[in-house]
Structure formats: C-alpha cells, structure tokens
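Structure first, commentary second.
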Amino acid sequence: MDERYEPKQIEPKWQAEWDREELYLTREERDRPKFYLLEMFPYPSGEGLSVGHLHNYVPCDVIGRFKRMQGYSVLHAMGWDAFGLPAENDAILKRLHPRETVPRYAANYKRQLKLVGCAYDWTREIDSSTPEYYRWTQWFFILLFKRGLAYRAIGSQWWCDKCRSVLANEQVVDGRCWRHGDTLVTKKDLEQWFFKITDYADRLLADLAAIDWPERIKLMQTNWIGRSEGAELGFPVVGFPDREVRFFTTRPDTVFGVSFMVLAPEHPLVAEITVQSQRAAVDRYVNEARRQSDIERMSTVKEKTGVATGAYAHNVFTNRDIPIWIADYVLMGYGTGAIMGAPGQDQRDFEFASKYGLEIPRVTTPADGSAPPADRAFTEPGVAINSGFLDRMATADAIRAVCKFAEEKELGRATVSYRMRDWLISRQRYWGCPIPIVYCERECGIVPVPEDRLPVLLPDIKDYQPSGTGRSPLANISEFVNTTCPKCGGPARRETDTMDGFACSSWYFLRFASPHFNKGAFEPAAADYWLPVDLYVGGAEHAVMHLLYARMWTKVMFDAGLIKFNEPFPRLRNQGLILAADGSKMSKSKGNVVTPDAMVEKYGADALRLWEVFMGPFEETTNWNEDGVVGTARFLGRVWAMIRRFVEVGCPAGAPSADTLRWIHKTTRTVTDHIERLRFNTALAALMEELNYLARLKPGEIGRFAIETYVLMLAPMAPHIAEEFWRALGHERSVHLESWPKFDPVLARDEVVTVVVQVNGKLRDKLEVAVGTSEDEIRALALKSDAVIRHLDGKPPRKIIYVPQKLLSIVV
RNA sequence: GCCGGGGUGGUGGAACUGGUAGACACAGAGGACUUAAAAUCCUCUGGGGGUAACUCCCCGUGCGGGUUCGAGUCCCGCCCCCGGCACCA
C-alpha cells in the first residue's frame with residue numbers, strides 16, 4: 001500500500017479488474033433467495049448525470065452490493081427510456097437526429113455510472129427505442145387491443161403547440177405541457193387511440209392498500225382516480241319527447257331541491273335545444289369557452305358565468321319545469337357533462353343561482369336541529385326536508401331511497417363515477433413506437449399487425465420534425481403508409497401515429513429478467529423467478545403517470561395469464577431531490593450543475609459515493625454542498641492510514657479486547673440494520689464512530705478480525721478502497737464476493753450502562769453501573785448522590801419511577 | 001381552499017416504541033509538526049450566567065397552551081416552508 005490514499009491510483013485499476021472478472025454478472029441461481037432491485041430507467045439527456053442523479057443510483061448500488069454479500073441472487077441492471085418526446089425535442093433543438101443522440105447520451109450515462117463504481121449487470125442493458133425492444137411494446141399494444149382495452153375515438157384532446165402533438169391528461173400540469181412549462185395547452189378535435197385504464201379504476205384503487213409505497217404517492221393515485229359514489233339520473237327535456245338531460249350526482253337525496261340544470265358548453269344537446277332568442281348568446285358563450293385556456297377556465301377563484309338555453313327540463317320529483325343553462329364550470333369530460341343544480345346543498349350551484357337569480361330551495365337541514373347557514377349552501381349530510389317521500393330521512397337513507405325509486409321507475413340507477421379518464425396514447429410524432437395497426441381499405445376495418453410480422457419498423461427518415469397538422473411525419477412516407485391488409489391482402493394504410501413514451505416504460509421491468517429473449521416479451525420462467533420487483537426506487541414526479549400506467553399493464557398481463565403477480569412494485573421508495581447549493585434546481589441553463597466527473601477528479605469515486613449517502617436521509621431533499629466531500633475523503637484517508645499501519649506490521653492476528661469485540665459487533669448490528677432500512681447516512685456514521693475508536697489502538701490490539709470486518713462493511717459504500725484493502729490484507733479473491741459479517745448479540749451487549757437520575761423531571765446525575773444492577777442498588781446509589789441530595793432539599797421522595805437500565809426519576 | 005411532508009446549533013443532519021437533545025460530519029477558534037504553507041494530528045465549539053476550581057446554575061428542538069415524574073417525540077390552537085390536487089357535480 002502506498003503511504004497516501006490516492007483514489008486515482010486504485011479506482012480505475014479495480015474497475016478494470018471487476019470488468020475482467022465479470023464480477024457483476026447476475027448470478028441467477030434459482031435455489032437462492034432473489035432480490036430484484038430497480039431504479040426507474042432514465043431518459044438519457046444530453047446534459048449527462050449530475051451529482052443529484054447519483055443520490056438515487058449510489059444508494060441503490062449500496063443496497064445491491066449489500067444484498068449480494070448477504071447471499072441473494074441480485075438482479076440489478078440499467079436501461080434507457082429512449083423513445084418519446086423529451087429525446088425528440090432535444091434532438092430538434094440541436095438540429096440532430098434522435099437515432100444518433102440517444103445512443104451517444106446513453107453511452108455517456110453508462111460511462112458516468114461506471115466511473116462512480118455502480119455495479120450493474122451491463123449484459124442486460126436495454127434501450128426502448130431498439131426494434132428488439134419495441135417489437136414487444138407493439139405486441140403488448142395488440143394484447144390490449146385484443147382484450148378490448150385499446151380503442152379509437154374522436155374527441156377534443158389536449159394539444160401542445162410546441163410538442164405539436166396531443167397529450168394525455170396526466171401530462172397536462174396546471175394547464176401546461178409537462179415538457180414545456182411555459183406553454184399553455186389547447187384543445188384539438190382528433191381521432192385518437194386510447195387505453196381503457198378506466199376499466200381498471202377500481203382495482204388500481206383497491207390494490208393500493210396492499211402495497212408498501214410512500215403514503216403520499218398512494219394518495220396522489222387515489223385522488224387521481226377520484227372515485228365517487230352516486231347516481232345517474234335523467235330528466236326529460238320539455239318539448240323534446242325523446243330527449244333527456246342525463247346527469248351524475250353524489251347527492252341524489254337532494255333531487256327535490258333541483259331548481260335548474262347546467263350543461264357543459266360542449267354538450268351535444270346544446271345546439272339542439274337552445275331556443276331561437278338565446279342562440280346568439282349561447283353561441284358566443286360556447287366559442288368563448290373553447291377559446292379559453294383551461295387554466296383560466298378551471299380557476300376556482302373565477303366568478304361563475306353561464307347562459308340560459310331557453311329550454312326547460314322536467315324535474316320528475318318536484319313535477320316542475322326548470323331552466324337549462326350552460327356554464328363552463330361544468331366539464332364535458334366528467335360524468336355525463338351535465339349537472340343538476342341543487343343550490344341549497346351545493347356551494348358552486350349556490351353561487352351560480354345567486355348570480356342569476358335562480359330559486360334556492362333548502363332540502364337538507366342539520367341533524368342536530370340547528371339552522372342551516374343563510375348565506376351559503378349547507379353541504380353537510382343532515383336530514384331531508386321539503387322533499388316529498390324523503391322527508392325526515394337521514395342523508396344516507398335518502399340517497400338509498402332515491403336510487404331505489406329511480407331504478408323502479410327507470411329514471412336512473414346508483415353508479416360510480418371516476419375523474420380518471422382513459423389514457424390517450426397516440427402521438428403525432430416520429431420518435432416513438434409505431435402503433436401496429438393497419439386500416440383496410442376494403443372492409444376489414446381496423447386490423448392489428450399479426451404478431452409474427454412485428455415489429456412494425458420505425459422508418460429511418462431525415463426529416464422527422466413534427467408537422468403541426470395533427471398528423472405524424474410518418475404520414476408523409478408513402479412506403480410506410482401504403483401496405484396490404486393482413487387479413488384480406490387488399491390495399492391498406494398504416495396507422496402513422498406513434499405511442500406515448502409511457503407505453504414503453506409500462507413493461508420494461510419485465511424485460512430485465514430476460515433481456516435477450518426473442519420468443520416473447522419475457523421468458524416466463526425468468527419472470528417467475530425475478531418478478532415482482534423487490535425494491536423500486538424513483539422520483540415522486542411519476543406518481544400519476546408511469547406508476548399508474550405500469551400498474552394497469554401489469555393487471556392486464558395478470559388477467560391474460562401471462563404473469564402470476566398483479567402489482568409490479570410491492571415496495572416503492574422515492575429518493576430525495578438534490579438541489580444546488582442555493583436551493584434552486586440544478587440545470588445547465590443556470591450553470592449550476594455539479595457533475596460526478598468533476599467530483600471524481602477532485603476527490604475520487606468512493607469519497608463522492610460516501611457523501612452521496614452521508615449528506616442526509618435517502619428520502620429527503622437536500623442542497624448540494626461540496627464541502628462535505630472533503631469530509632468523506634478525509635474519513636477514507638484515516639481508514640487508509642489505519643489499515644496501512646496494520647499491514648506494515650504484518651497483519652497481526654491479535655486478540656481483541658472485550659471493548660473492541662463489543663465495538664465490532666455493535667457496529668455490525670447498526671450498519672446491517674440501517675442499510676436494510678435505507679438509512680445510509682447513519683450506517684456510515686456508525687462506521688465513522690468505530691474508526692474513531694479503532695484508530696487510537698495499536699495494530700496488535702485491533703487484530704485481523706476487527707480490520708476485516710470493518711473492510712467488509714465498508715465494501716458496499718466504498719467498493720474501490722475496500723477492494724484495495726482486502727487484497728492488501730492478503731486475499732486473492734474480490735471483497736465483493738465475500739459474505740456480509742454477522743453479529744453476535746451477546747458480544748454486542750454492553751457491560752456497563754449509564755442510568756440517568758432525574759429529580760422532578762430534571763437530569764441531576766448519571767450513574768455508571770454494571771449491567772444487571774438491581775433497582776434497589778440503583779435507588780441506594782442515587783439517593784447517596786451529592787447532586788441528588790442537593791436537589792431533594794431535605795424532602796422525602798414522594799414517588800420513584802424506574803426504567804430498567806436507563807433511568808430513575810425521583811419526585812418530591 | 002383541500003390533502004400530504006416538514007420546521008432541531010453558524011451548516012448538513014442524529015435522537016428506535018415519551019426517558020441523557022445536538023450522534024456523525026462540515027465550517028470556525030486555539031495548539032502540535034514545519035523555514036513556511038498544504039496535508040496530518042490534538043483540544044474546544046447551542047445560548048446565557050456563576051466559580052479559586054469543579055462533577056455548578058438557568059434557558060433552549062417554529063409560536064401559544066395542555067397531558068405526564070418526564071415532551072423534539074403525544075393532544076389542542078396558531079405561524080411559516082416544501083410538494084400534490086384544485087369548480088370532478
């Protein structure tokens with residue numbers, strides 16, 4: 001060993017050696033317990049990895065190495081979420097081609113991950129933009145299609161002018177595009193492909209109970225799915241014998257208080273029922289609503305607006321005709337696009353009715369007999385009044401009664417509504433997985449491409465820029481578009497839209513189990529062994545996108561009998577964000593990105609790794625502070641000095657003292673426990689504490705056992721230096737093939753404990769006593785203590801509380 | 001507005017189920033080594049006060065109350081920060 005710790009002398013050397021030994025190939029030994037560890041696979045960006053990204057990858061690498069040492073077969077691989085808008089947008093900006101940039105960026109990510117010593121099995125690397133991969137994305141599309149879960153529909157869709165494509169609901173954030181925060185989305189009428197995720201709403205909701213995920217992610221999904229129980233009812237339109245306004249309500253008990261109806265401006269009935277005198281005003285309002293951005297339209301602070309259609313509906317409960325209005329607070333996409341106005345019991349309806357002078361009947365009153373508020377709606381459950389056959393019923397009973405009545409009279413039924421919409425997956429873009437569908441020009445209609453003719457290859461074209469016409473650039477490639485119908489052989493045209501990038505990431509976790517399998521998306525036996533993922537780690541930003549989609553696809557595969565599990569990620573954790581030193585986000589445009597390359601150059605990969613885990617709790621957001629790397633580098637230098645001294649005197653076997661033995665076992669216990677609980681910062685602190693103890697001893701007093709145990713525990717976090725130590729200690733084989741040390745709880749036990757003595761709840765003395773000292777002895781010792789006597793002030797103790805081996809509390 | 005998460009020294013953060021607040025580090029101060037500097041090592045380091053000295057005293061985990069022998073931790077009421085949702089009938 002050199003006198004000084006020089007990371008540059010050892011890190012490249014061991015990385016090359018590990019590669020040569022193929023140390024990190026997955027050991028797929030099916031009789032061993034398995035551990036499938038997975039980070040959300042990244043979209044390789046041109047900016048490369050920052051030290052912020054490593055706050056995810058380094059701790060996961062620690063877990064993978066730790067589990068491997070514990071004897072698990074570990075699957076830990078990396079791949080690239082390469083298809084999709086982010087990659088294409090970047091290439092457009094740089095006037096390059098994604099086919100060129102994506103592999104280049106991915107290679108750079110890979111280089112950086114290797115630079116910091118991450119132990120991925122690179123023989124399992126995957127790239128979602130390669131035909132070997134997207135062939136199976138297409139296969140899944142067809143699976144969904146065949147199961148009735150992929151359908152085509154026309155409708156008003158979110159459109160981003162910068163992406164020049166439609167977007168899914170999940171990709172619209174605050175009325176803006178998820179990739180272009182400065183661009184408000186608009187609506188466009190297009191025929192599009194959807195996945196019927198709403199069919200899975202109930203299961204996606206119910207199965208959340210059984211998975212170990214951060215509570216806040218579960219909540220976001222729960223809110224996103226937005227399940228509401230209620231009833232769907234219909235009131236006839238006066239003067240239109242075969243027309244009715246159908247509406248959904250969560251409060252069918254308030255039907256006797258319905259004094260008006262409101263349709264969404266886009267509602268198809270509007271054009272039909274509007275009376276001549278109102279037509280101009282209605283048209284103006286509808287156009288205005290369409291022009292408005294949704295961020296304006298959905299603002300809750302905005303005053304309610306609306307226009308009467310002049311038409312009336314018949315409230316079959318009150319037997320009265322009530323006006324039908326249109327208003328933009330009613331959304332076409334939820335329920336039926338129409339509501340009943342019950343202003344006495346709904347605050348929004350109350351505001352609307354107040355503004356337009358509509359009647360405000362009160363049909364619910366507080367159960368305790370108090371008066372309902374006069375200046376707003378009473379929205380709580382209570383007791384029905386002025387409600388015919390519902391009078392005096394509690395809200396819950398009245399709801400049931402109305403549903404029963406409605407079913408008997410065929411007016412409607414109890415039902416459940418969700419705010420989640422189907423997943424719009426068509427994109428009018430080039431860089432995505434082609435949708436494997438053909439439109440037959442004779443009579444076969446929509447025909448899926450047969451499985452044995454997959455993949456539908458993405459043509460290699462130069463001008464891939466989105467057209468903005470609502471059609472993908474693929475529509476201009478006649479060789480691609482024109483084909484024959486797989487069914488009848490007649491002339492046919494290909495679907496030219498590509499899939500949302502989130503389709504590719506909805507099944508990739510299965511691909512790692514058998515990444516080169518070419519007879520299916522995955523090899524069943526491999527999937528059975530490895531899946532589901534034992535620990536899934538990624539950012540919280542995917543809560544209602546990737547994480548919801550992947551759960552849906554998994555359930556589809558489960559239903560199709562392809563896999564035996566129905567949740568892909570039973571245990572999920574979100575790593576905390578690393579911000580720049582000033583608390584802002586790291587970005588190239590701000591020039592505040594700290595790269596692993598710079599940190600490795602300055603301090604070495606191991607010191608960087610240690611600081612990544614030491615700077616704070618894994619799941620919490622922290623600001624980057626380079627000074628900390630100095631500290632972890634210094635720590636490694638001190639370990640180096642200790643081990644060098646030990647090696648120089650010939651690695652004496654030594655006979656550790658009881659104290660030393662206790663330190664070893666206690667530290668092993670702490671480090672094991674804390675890594676398991678993903679508390680890497682405190683695991684490392686325990687190793688630092690033990691070093692502070694060991695470094696004061698002479699090599700002969702420490703002994704080989706203590707040194708080796710220490711090196712083994714350091715290995716997952718600082719793999720290079722640990723390898724250097726291990727070999728210097730005379731071992732032929734890599735430290736990373738060794739077993740994780742076990743601790744002996746008996747040897748870890750303290751011989752002396754500190755018992756705290758309190759008088760009236762304040763700490764007054766500390767007694768160092770042998771473990772097992774009796775309460776009586778401790779009481780006697782405490783009452784003899786000068787400090788205690790002083791604070792007792794001559795009074796006799798009224799009460800003494802004893803917490804064994806910990807504390808004695810005297811009350812006077 | 002609603003729903004989560006959080007607020008602890010100069011800084012990052014420790015403190016398992018109510019039981020020694022500030023582990024482990026960073027920064028800072030002083031000292032050793034050195035011609036000097038860097039590196040390294042040692043000591044001190046929440047605030048205030050007291051003492052010849054100490055094993056001394058008081059205060060202290062966003063704010064105000066409460067429960068308890070004992071509260072960073074539990075309860076009630078506020079303030080602030082971060083994240084999510086936001087007219088979903």
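Letters go in sequence order (proteins before strands), and every chain restarts at 1.
Judged by distance alone, the side chain of A/Asp750 and the main-chain N or O of A/Val753 form no donor-acceptor pair under 3.5 Å. For the pair A/Tyr356 (side chain) and A/Gly306 (backbone), a donor-acceptor distance under 3.5 Å is present.
Comparing B/G64 with B/C69, their P atoms are spaced 23 Å from each other, to the whole Å. Between B/U67 and B/A14, the two C1' atoms lie 27 Å apart (nearest whole Å). Going from the C1' atom of B/C56 to that of B/U61 covers 24 Å, rounded to whole Å. The same atom, P, is picked in B/G9 and in B/C57; the two are 24 Å apart, to the nearest Å. For the C1' atoms, the distance linking B/C80 with B/A27 amounts to 27 Å, nearest Å. Between the C1' atoms of B/C33 and B/A23, the separation comes to 30 Å (whole Å).
Counting any heavy atom pair closer than 4.0 Å across all strands shown, A/Arg798 reaches no nucleic acid atom. Using a 4.0 Å heavy-atom criterion, one finds that A/Ser228 contacts the sugar-phosphate atoms exclusively. Using a 4.0 Å heavy-atom cutoff across all strands shown, A/Arg419 reaches at least one base atom of the nucleic acid. A/Gly631 comes within 4.0 angstrom of sugar-phosphate atoms only, judged by non-hydrogen atoms across all strands, and of no base. Within the nucleic acid shown, A/Asn623 has no heavy atom closer than 4.0 Å to any nucleic acid atom. Using a 4.0 Å heavy-atom distance criterion, A/Pro214 is classed as making no nucleic acid contact. Contacts of A/Arg679 with the nucleic acid, taken as non-hydrogen atoms under 4.0 Å apart, involve only primed sugar atoms and P, OP1 or OP2. Counting non-hydrogen atoms under 4.0 angstrom, A/Ile801 reaches a base of the nucleic acid. Residue contacts shown for A/Phe614 include a base, since a base heavy atom lies under 4.0 Å away. A/Thr250 comes within 4.0 angstrom of the backbone, heavy atoms only, and of no base.
Between the P atom of B/C81 and the CG atom of A/Leu579 lies a distance of 17 Å, rounded to the nearest Å. In this entry the distance linking CG of A/Asn760 with P of B/U68 reads 15 Å, nearest Å. Residue A/Lys218 contributes atom NZ, which lies 13 Å from atom P of B/G5 at whole-angstrom precision. Straight-line distance from the CG atom of A/Leu807 to the P atom of B/A15: 20 Å, rounded to whole Å. Summarising the geometry, the separation between CG on A/Leu208 and P on B/C3 is reported as 19 Å, rounded to the nearest angstrom.
Between B/C26 and A/Arg634, a contact under 4.0 Å exists linking OP1 or OP2 to a side-chain N or O. The phosphate of B/G19 has neither OP1 nor OP2 within less than 4.0 Å of any side-chain N or O from A/Lys806.
When distances are taken from the side chain of A/Leu219 to each of B/A25, B/A89, B/C3, the shortest belongs to B/C3. Side-chain proximity of A/Asp627 to B/A86, B/G12, B/A27: nearest is B/A27.
Helical stems of RNA chain B (runs of at least 3 Watson-Crick or G-U pairs, donor-acceptor distances under 3.5 Å) are listed by first residue: B:1-7 with B:79-85, B:10-12 with B:24-26, B:28-32 with B:40-44, B:46-49 with B:56-59, B:62-66 with B:74-78.
The ring of A/Phe614 has its center no closer than 6.0 angstrom to the ring center of A/Phe680.
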Under 3.5 Å, N/O pairs linking protein and nucleotides 54-59 of chain B:
from  : atom 1 : to       : atom 2 : distance (Å)
B/C57 : OP1    : A/His791 : NE2    : 2.9
B/C58 : OP1    : A/Arg764 : NH2    : 3.4
B/C58 : OP2    : A/Arg764 : NH1    : 3.3
B/C59 : OP2    : A/Lys762 : NZ     : 3.1

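Between A/Arg4 and A/Glu6, at least one side-chain N (NZ, or NE/NH1/NH2) sits under 4.0 Å from a carboxylate O, which counts as a salt bridge.
Taking the six-membered ring where tryptophan is involved, the planes of A/His55 and A/Phe618 are tilted, since the angle between them lies from 30° to 60°.
In this structure, A/Val759 and A/Arg696 both approach RNA chain B, and ranking their closest nucleotides by distance from the 5' end singles out A/Arg696.
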